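One structure below.
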Amino acid sequence: KQEVTQIPAALSVPEGENLVLNCSFTDSAIYNLQWFRQDPGKGLTSLLLIQSSQREQTSGRLNASLDKSSGRSTLYIAASQPGDSATYLCAAQETSGSRLTFGEGTQLTVNP
Amino acid sequence: EPEVTQTPSHQVTQMGQEVILRCVPISNHLYFYWYRQILGQKVEFLVSFYNNEISEKSEIFDDQFSVERPDGSNFTLKIRSTKLEDSAMYFCASRFSLAGSKYFGAGTRLSVL
């Protein structure tokens, strides 16, 4: 059974700092991995999707990498801004099905 | 930009009552999902739906739950007899293909009293 873990659980940084959020998964036979952003009491906003054959994806100040062999993905946020404050979730899609297995999230606070 | 729409945003019900949560997926999407998030816990998969039938369901999705696509636009989740532990945020999601991104709605907060 796939397990997804995110470290750290919470992170507080000053504005402008570059930061890395970590995601690990136990079963490397994933189909793809997706990063989401969740604002308090709100839904999930898709940030980046990495297919199992890809190493990384970029969107603006965000860069996500995937290393299937080690069961890891990272989300890099460059030049962080207070508006980046949210909970960031990673979710792995298993090869055999279509469900996403989510991590518990990293709660990011960017201080002005 | 197209989005997944969920109604209502908040539903309060008494234990034992039936509730129907409604979703309008993105119009050209083919795969539909329900997830839930109990306060302070991980987002959990409930069910996936494709070609007018359930394609996958989790252990949570027991006989008290059902899904339906009654017309070309709506996708509903019914809980037949709600329990206190059904209190959660319920998210609907859709996507065009299995390889594509899932797009989530804003959620319906279900409170069972």
Side-chain angles (χ1 to χ4, degrees), chain A residues 1-7 9-10 23-27 29-54 57-59 62 64 66 73 75 86-107, chain B residues 1-7 9-10 21 23-26 29-51 53-61 88-111:
Chain A
K1 182 185 169 186
Q2 179 75 272
E3 295 285 342
V4 178
T5 305
Q6 292 185 246
I7 295 173
C23 171
S24 61
F25 45 93
T26 54
D27 186 348
I30 62 169
Y31 197 69
N32 58 42
L33 188 134
Q34 199 166 351
W35 282 92
F36 295 88
R37 169 187 173 134
Q38 184 176 30
D39 292 284
K42 300 292 172 76
L44 309 176
T45 301
S46 178
L47 297 174
L48 289 165
L49 172 72
I50 313 178
Q51 302 295 345
S52 61
S53 58
Q54 298 174 321
Q57 281 286 323
T58 298
S59 175
L62 305 180
L66 176 65
S73 176
L75 180 67
T87 296
Y88 290 81
L89 302 171
C90 70
Q93 179 179 332
E94 300 170 14
T95 302
S96 59
S98 62
R99 71 170 72 186
L100 291 178
T101 301
F102 282 82
E104 53 277 86
T106 293
Q107 185 175 358
Chain B
E1 185 174 321
E3 60 180 20
V4 176
T5 305
Q6 290 186 243
T7 54
S9 57
H10 190 192
L21 310 183
C23 170
V24 179
I26 294 173
H29 284 189
L30 303 174
Y31 297 83
F32 313 110
Y33 307 86
W34 285 99
Y35 287 78
R36 77 174 186 188
Q37 186 177 32
I38 296 171
L39 188 64
Q41 298 187 21
K42 291 185 180 185
V43 176
E44 304 173 286
F45 169 77
L46 292 177
V47 66
S48 61
F49 192 85
Y50 170 72
N51 200 25
E53 59 183 32
I54 291 174
S55 49
E56 189 179 359
K57 60 183 181 179
S58 73
E59 314 72 39
I60 304 167
F61 195 88
M89 182 76 97
Y90 287 80
F91 294 110
C92 173
S94 70
R95 62 177 158 187
F96 178 73
S97 72
L98 283 177
S101 297
K102 275 185 183 173
Y103 292 88
F104 282 74
T108 293
R109 180 169 299 284
L110 177 64
S111 300

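This is a predicted model, so every value here is computed, not measured. Residue numbering restarts at 1 for every chain, and letters A, B, ... go by the order of the sequence lines.
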Euclidean distance, [Y] [atom2] relative to [X] [atom1], rounded to 0.5 Å:
{"X": "A/S46", "Y": "B/Y103", "atom1": "OG", "atom2": "OH", "value": "5.5 Å"}
{"X": "B/Q41", "Y": "A/E104", "atom1": "CD", "atom2": "CD", "value": "11.5 Å"}
{"X": "B/Q37", "Y": "A/L89", "atom1": "CD", "atom2": "CG", "value": "7.0 Å"}

>> I need the minimum non-hydrogen distance between A/F102 and B/K42, along with the two atoms involved.
In response: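 Looks like O-CD, 3.3 Å.
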> With side chains defined as the heavy atoms from C-beta onward, is the minimum distance between B/F91 and A/Q38 less than 4.5 Å?
Replying inline: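 B/F91 reaches A/Q38 side chain to side chain.
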> Under a 4.5 Å cut-off applied to non-hydrogen side-chain atoms, are B/S58 and A/R99 in contact?
Replying inline: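 Sidechains of A/R99 and B/S58: in contact.
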> With chain B, which of A/L100, A/L48, A/T45, A/V4 has the greatest number of heavy-atom pairs at distances under 4.5 Å?
Replying inline: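 The residue among A/L100, A/L48, A/T45, A/V4 with the greatest pair count is A/L100.
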> Does a sphere of radius 6.0 Å around CD in A/Q51 hold more than 12 heavy atoms from other residues, nucleotides or ligands, not counting ones at 6.0 Å or beyond?
Replying inline: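 Enclosed: over 12 neighbouring heavy atoms sit under 6.0 Å from CD of A/Q51.
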Under 4.5 Å from a heavy atom of chain A, the part of [X] involved:
{"X": "B/S101", "value": "both"}
{"X": "B/Y35", "value": "side chain"}
{"X": "B/S9", "value": "neither"}

